[in-house]
Structures are given as C-alpha cells and as structure tokens.
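This report refers to the structure that appears directly beneath it.
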Amino acid sequence: MAENSNPSRKRVALIPGDGIGKEVVPAAVKVMKAAAAAGGRDLALTEFDWGADRYLRDGTTLPADAPEMFRRDFDAILLGALGDPRTPENKHGADILLGLRSKLDLYVNARPCVLFDRRLTPLKNRTEDDVRFLVLRENTEGLYVGMGGFFKKGTADEVAIQEDLNTRKGVERIIRYAFKHAKARGLTRVCMSDKSNALTFGHDLWQRVFKIVRQEYPEIEASHQYIDNLLMQMVRDPSQFQVIVTSNLFGDIASDLGAQLAGGLGLAPSGNIHPGQVSLFEPVHGSAPNIAGKGIANPLGSILTVAMMFEYLGWNDEAGAIDRAVRAALREGKTPAELGGTLGTREVGDWVARALAKQ
Ligand code: NAD
Ligand code: IPM
Ligand code: MN
C-alpha cells in the first residue's frame, strides 16, 4: 500500500465469492465506478475468482502469496461473501476470509449500525436518532484462531476442543482503537462487552485492560455490559450506545442483531481494518443460498461498504455522495424485496449509480 503515492488513484481487489456475493459485488462496483468518475478519481480494479466453484474445481482457497500480493499491489479489497451448501465445512471460507483477516492482521472489524429511515427498524417508536452506533469487533483472536481439535472423533467418547485465545496486545489494541475512534468522531460513550463472569481467564484480561485504557480517555464515558445483557439492551434501548467494543464471536453476533435494528442484514456494511495498511471491506451478510441466483439480494450493504472503503482511502467526498444516494434510494422506495420494494439487485445498483451521476 505504501507504494501508491497517488491519492487520486486507488487499486482495489474484488473477491465476489459465492452466492449473492456474485450479485451484490457487481452492483457495488457499478456504484464505485460512478462515484469515482463523479469525483474525478481513478480506480484500478482486479477481480479474483476465489470461492466455492474454484475450490471444488481445483482445490484453490487462498493462494500462499495472496497476503503479500495484497500488501504490495493493492490499497483495499472488496469482498462479497463466502459460503456454499456444497462445502458445509466451509474450508475455503475459513481460508480466504478468516485467512485474510488474520494474515493481513486486520484487527478491527468495524460494523456501523445506523438507521437511515425510521420505517425500516422493527423496533416500535424508534427513530434515526435511536439507532446510531458502531460495533467494533476484535477480528484476529478469540474463538476464531482455529486452535483445538478432536479426540476419538466419531465415537461415543469424542472430545472436541475450541480454544479462546486472548492476548494482552490484541485486547489492548482493539479497546484503544474504540476510544481513539470515539474521541476522533466527537463521540462520548464506549461500552465494552464481555462475559467475564463466566470466562474468568480470557475475559478477565478484557476487564483489566479496559480499566487501564479508559483512564487515558477521561472525557469518554466508559461502561461495561455482559454480552447477554448487551444484546437485550440493544433491543430495549439502542439509543444508549455509540461505540460497542467486544470480542470476535460476540461482535459477530451483535452485528447481525444491530444490522436488523438498522433495517436489515442486507443494508449493513463492514470494514476489516488495520489502520494504515491494506484493508478488506465486505457487507456483514453472507452468501444467502436461500435467495442466491434470483437477482433479488439487497446490494445496498455492499454499496455502503464501498462508501466505508472510500472513507478509509481518504475519498471522503465520494463516500458522502454514496451515502446520500443510498438515503435517496431508501426515501424514494427504490429498494429490493428485503426492504419492501420491488427492484432487483441490479436495478437498485443502477438507480444509485445514476443518482450519483446526477448529484
Ligand atoms: P446470510 O447472511 O447469508 O443470510 C441470513 C438471512 O439473511 C437469509 O435469510 C438471507 O436470505 C438474508 N440475507 C442476507 N443478505 C441479504 C441481502 N443482501 N439481501 C436480502 N436478504 C439477505 O447468513 P447464513 O444463512 O447464516 O449463511 C449462509 C452462508 O454464508 C454460510 O455458508 C455462511 O457461512 C456464510 N456467511 C458468510 C459471511 C461472509 O462471507 N462474510 C457472513 C455470514 C455468513
Ligand atoms: C461474518 C461471518 C463470518 C464470521 C463467517 C462466515 C466465518 O459470519 O463475517 O460475520 O463469523 O466472521
Ligand atoms: Mn457474521
């Protein structure tokens, strides 16, 4: 990433992946191109065909040189989704998605839950002001490190172990990121969520680190909620949250719930980030095999993901323009079935791209 010194030209890798990933990424790319063109920016796009088809064809998942190549040749990666009913063990998804998160050391998974239009939340009497928070998910450790194994697999005496790895450095950097982010955005509240009442080693570390880091930010109101309570509170009164910081698995779960509070899983963007390094952006949703191939998937989450990516790359005006165009689509009912509209995936992308050209 350091080799590209031209702020108006960015090199973006595309990994559409599986299922609806192959439908929403093209729509997002159309919008990406329209936004870049409107801002006089130059994009170099390179597509990679990694996913279930390729894996089943020749066994390729994440090529060994891929992390180095992304670091050297790209500024950002846009990914659709990985997961296919033909490969239920999800070997390729783990290698590609979790592999990139870990090998590129993308320790921040930023998942904004922002309600753009009050008609879209399932919560009663809630408005845009009530659902506006960010889930910061630790993205390289926890229960996702793949440590563990089976003993006597397939027998009545089977033992299966899955380790929960928490390092001082890993916990500290995501917690510090949460406070830094809040401060930089003029926000005043950070809530850390763990399960330290039951996970008395790993999450005891989260408790202790949180207490140390919060002292560096006396202007931020730092609170703590156990994860079970947090999920309940997100439904009861989401307006209490600005920034939530939590572990890998808990953040995965909290971000699907938050996505629905903000209107739907198909609307939710995310960024897998290591500040200053090549980072990976993807919608929060998966490959949705139940609707794949029908052309009805909501591409707005992927489109908002492009806005997040542009903001990360320093293209703030273009990011803002995408945000406004998506808001216009929602206001005018130019939406897919998930949001009660009648437009298909491609039509929604085309509408947003046209709106950008007109802005
Ligand atoms: P999912 O997110 O794919 O789908 C959950 C539900 O939400 C489904 O009913 C689906 O139709 C709906 N949905 C999701 N995205 C939508 C969109 N854009 N528009 C309209 N509706 C949408 O989760 P799942 O069903 O648990 O998983 C399916 C596959 O995706 C699995 O293989 C899973 O491992 C994988 N997955 C991948 C990612 C990723 O690549 N980041 C994320 C989650 C799940
Ligand atoms: C996500 C997904 C992944 C995760 C799966 C596909 C491994 O659910 O990005 O939210 O759990 O991180
Ligand atoms: Mn998930």
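Counting convention: from 1, in listed order, for ligands and their atoms alike. Basis for what follows: all heavy atoms, side chains included, without hydrogens, waters or symmetry-related copies.
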Per-atom contacts, ligand 1 versus [X] - under 4.0 Å to a heavy atom:
X	result
Val284	42 (C)
Ala81	40 (O)
Ala297	19 (N)
Pro289	28 (C)
Gly266	17 (C), 18 (N)

When you compare ligand 1 with Ala288, is there at least one nitrogen or oxygen pair between them that comes in under 3.5 angstrom?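 Checking ligand 1 against Ala288, an N or O pair does fall under 3.5 Å apart.
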
Look at [atom] and say whether a protein heavy atom is found at less than 4.0 angstrom from it.
atom	value
atom 1 (P) of ligand 1	yes
atom 5 (C) of ligand 2	no
atom 11 (O) of ligand 1	yes

Looking only at protein heavy atoms, which one is nearest to [atom], and how far off is it?
atom	answer
atom 1 (C) of ligand 2	Arg111 NH2, 3.4 Å
atom 11 (O) of ligand 2	Tyr144 OH, 2.6 Å
atom 43 (C) of ligand 1	Gly286 CA, 3.3 Å
atom 9 (O) of ligand 2	Arg101 NH2, 2.7 Å
atom 7 (C) of ligand 2	Leu98 CD2, 4.1 Å
atom 16 (C) of ligand 1	Ile20 CD1, 3.8 Å
atom 14 (C) of ligand 1	His285 CB, 3.6 Å
atom 32 (O) of ligand 1	Gly83 CA, 3.2 Å
atom 29 (C) of ligand 1	Ser287 OG, 3.2 Å

Go through Thr127 and Arg118 one step at a time and tell me if the side chain to side chain donor-acceptor pair (under 3.5 Å) criterion holds. CA-CA 5 Å; Thr127 72; Arg118 66 190 67 184; 4.9 Å; no

Out of [options], who is nearest to [atom] when you count heavy atoms only?
atom	options	result
atom 22 (C) of ligand 1	Asn298, Ile291, Leu265	Ile291
atom 2 (C) of ligand 2	Asp252, Leu265, Asn272	Asp252
atom 41 (N) of ligand 1	Gln260, Glu338, Glu282	Glu282
atom 8 (C) of ligand 1	Asn290, Thr87, Ile15	Asn290
atom 33 (C) of ligand 1	Leu339, Leu82, Asn272, Leu79	Leu82

Quick one: do Arg173 and Thr140 satisfy side chain to side chain donor-acceptor pair (under 3.5 Å)? Show the steps, please. CA-CA 11 Å; Arg173 66 182 178 173; Thr140 53; 3.3 Å; yes

Hey, can you tell me if His224 and Tyr226 have their rings parallel, tilted or perpendicular (30° and 60° cut-offs)?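 Geometry flag for Tyr226 against His224: perpendicular rings.
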
Aromatic rings Tyr55 and His92: how do their planes relate, parallel, tilted or perpendicular, breaks at 30° and 60°?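 Plane angle under 30°, so parallel.
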
Does at least one non-hydrogen atom of [X] fall below 4.0 angstrom from an atom of ligand 1?
X	answer
Gly93	no
Gly301	no
Leu97	yes
Leu300	no

Do Arg176 and Glu216 sit within salt-bridge range, that is, some charged N less than 4.0 Å from a carboxylate O?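 Here Arg176 pairs with Glu216 in a salt bridge, since their nearest N and O are under 4.0 Å apart.
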
Apply the test side chain to side chain contact (heavy atoms under 4.5 Å, CB included) to residues Arg346 and Val24: give CA-CA distance (whole Å), side-chain angles for both, the deciding distance (0.1 Å), then the verdict. CA-CA 8 Å; Arg346 189 184 310 159; Val24 293; over 6 Å; no

Ring centers of Phe210, His203 separated by less than 6.0 Å: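 So the answer is no for these two rings.
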
So, Phe310 versus Phe281, ring centres under 6.0 angstrom or not?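 For Phe310 and Phe281, the ring centres are not under 6.0 Å apart.
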
I'd like to know whether [atom1] of [X] has more than 12 heavy-atom contacts from other residues, nucleotides or ligands below 6.0 angstrom.
X	atom1	answer
Asp58	CG	yes
Arg189	CZ	yes
Lys183	NZ	no

Ser302 (side chain) donor-acceptor with Pro283 (main chain) under 3.5 angstrom: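 Not at all, since once roles are kept as given, no pair shorter than 3.5 Å links the two residues.
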
Between Ser196 and Gln207: side-chain donor-acceptor atoms closer than 3.5 Å: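 Gln207 and Ser196 do have a side-chain donor-acceptor pair below 3.5 Å.
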
Any His285 heavy atom less than 4.0 Å from ligand 2: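 No, His285 has no heavy atoms under 4.0 Å from ligand 2.
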
What do the steps show when you test Ser279 against Tyr312 for side chain to side chain donor-acceptor pair (under 3.5 Å), and what is the final call? CA-CA 9 Å; Ser279 292; Tyr312 181 73; 3.3 Å; yes

So, is Asp252 placed with an N/O/S atom under 2.8 Å from the Mn ion (ligand 3), counting both backbone and side chain?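 So Asp252 counts as coordinating the Mn ion (ligand 3), yes.
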
